[in-house]
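A short worksheet on the structure shown next.
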There are 2 protein chains.
Amino acid sequence: MAETVRWLTPEEQHAWRSFTRLHERLGGRLSRLLQAESNLSGPDFAVLVHLTDVPDGRQRYQELTRALDWEKSRMSHHIARMAGRGLVVREDCPEDGRGAFVVITDAGRAAIEAAAPRHVEAVRELFLDHVTPSELRVLAQLSERVVNKLDDDQR
Amino acid sequence: MAETVRWLTPEEQHAWRSFTRLHERLGGRLSRLLQAESNLSGPDFAVLVHLTDVPDGRQRYQELTRALDWEKSRMSHHIARMAGRGLVVREDCPEDGRGAFVVITDAGRAAIEAAAPRHVEAVRELFLDHVTPSELRVLAQLSERVVNKLDDDQR
DNA sequence: CAAACCTAGTTGACACTTCATCGAACTACG
DNA sequence: CGTAGTTCGATGAAGTGTCAACTAGGTTTG
């Protein structure tokens, strides 16, 4: 049944490639900026942002993993590296012997506070400033719909 | 001048996060499918697709690098790995002693021909089927504009 | 021609991600 | 209780991507 493949039309192909390319470029630029100016990677940033949004800056690995939608082993490796740099510390959990907390340190807070304004500016300069409000609405709707769809048929 | 930061509005924040998440999920799913069903990674696929589009399935590293917009060292590492799996071979260039060609092998052609239909189907099922033609147009336009902008101020 | 410069690709070190697997600790159920 | 199954997080190996330094082959220029 090789015949049944619905190949992409030129428009579809173009849209798909542009979209893909956009993300590659944007992601590359943003993470390079973050790295150069704050010595943080994108994932570092995501972890720190989340931890500052949570009581006492501490959260179980498990919840952090769910919140960022990472794999648990990725979290484990990544937190170990961040702990090595003093951005967070790991603490055992008294209630659950298996569990552990990730806690942001003062150095971690300092790093995220230094990085955030610059990062937001970059998101604006590189992306939001070049997209109209109505385009942004379309993009948000479409993204949300597709993400929900992906999450749905994950189960 | 901490005052001058233009933080994101809730709409902007939501759009940005949805967009980012879309890319993560979609990329993850597509590459996992490709890997599971064809034993090819996304980058493998990109290289093979490009090589099948080119006379004799051979091209200089340099041009391949430009076409895919990769760094040269990434290309060098990646081709070495692909060559190790027999998907391509490296050939010296007679005209320019520094240069080299990447050439797709029969195994490489077989792999891409097996993978392509399934990959296209997946792009449809996971993405295109959930986006209206008009949304797709908006997305394509916006992506192209922003990519061009990024490329411009790269120089 | 030779020195200075540029270009093609390689290499090694390191960061990052996934996968498979593991041990320890909790939970449920007979 | 006790064991079967699940969940938490750690670990090691392999693939991937980036950066900086390097080799070697061209090119330019005095």
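Labels below follow one simple rule: chain letters A, B, ... track the order of the sequence lines, proteins then strands, and each chain is numbered from 1. Every heavy atom of this structure was used, including side-chain atoms; hydrogens, water molecules and symmetry mates were not.
Taking the six-membered ring where the residue is Trp, A:F45 and A:H119 present tilted rings, their angle falling between 30° and 60°. The aromatic rings of A:H23 and A:F19 sit perpendicular to each other, their planes meeting at more than 60°, with 30° as the lower class boundary.
For the pair A:P10 and A:Q13, the minimum side-chain heavy-atom distance is 4.5 Å or more.
Using a 4.0 Å cut-off, some side-chain N or O of A:S76 falls inside it from OP1 or OP2 of D:dA10. Dashed line: the shortest gap from a side-chain N or O of B:R74 to OP1 or OP2 of D:dT16 is not under 4.0 Å. Close to D:dG9, at under 4.0 Å from its OP1 or OP2, lies no side-chain N or O of A:R90.
Nucleic acid contact class of B:R60 (heavy atoms, under 4.0 Å, all strands): sugar-phosphate only. Contact annotation for B:S41: backbone-only contact, meaning every heavy-atom pair under 4.0 Å involves sugar-phosphate atoms and none involves a base. The residue B:R85 sits apart from the nucleic acid: no heavy atom pair falls under 4.0 Å.
Side chain of A:R32, nearest nucleotide from C:dT10, D:dC19, D:dG17: D:dC19. Among the nucleotides D:dG17, C:dC16, D:dG26, the one closest to any side-chain atom of B:D96 is D:dG26. Of the candidate nucleotides C:dT10, C:dA20, C:dA8, C:dA8 has the atom nearest to the side chain of B:Q62.
The distance between atom CZ of B:R81 and atom P of D:dA13, rounded to the nearest whole Å, is 18 Å. Between B:L87 atom CG and D:dG15 atom P the separation is 12 Å, expressed in whole Å. Protein atom CE of A:M82 is 14 Å distant from nucleotide atom P of D:dA10, rounded to whole Å. Atom NE2 in A:H78 sits about 15 Å away from atom C1' in C:dT18, given to the nearest Å. In this entry the distance linking CZ of A:R98 with C1' of D:dG5 reads 12 Å, nearest Å. Between the NZ atom of A:K72 and the C1' atom of D:dA10 there is a distance of 10 Å, given to the nearest Å. As rounded to whole Å, 15 Å separates atom C1' of D:dG9 from atom CH2 of A:W70. At whole-Å resolution of the value, CD in B:E71 and C1' in C:dA8 are 15 Å apart.
A donor-acceptor contact under 3.5 Å is formed by the side chain of A:S73 with the base of C:dC19. Judged by distance alone with a 3.5 Å cut-off, a donor-acceptor contact links the side chain of A:H77 to the base of D:dG12.
Proximity of the aromatic rings of B:F101 and B:Y61 is defined here by a centroid distance below 6.0 angstrom, and this criterion is not met.
Of the two residues near DNA chain C, A:Q35 and B:E63, the one whose nearest nucleotide lies more 5' is B:E63.
Taking hydrophobic clusters as Ile, Leu, Val, Met, Phe, Trp and Tyr residues chained together by side-chain heavy-atom distances below 4.5 Å, B:I112 does not share a cluster with B:L33.
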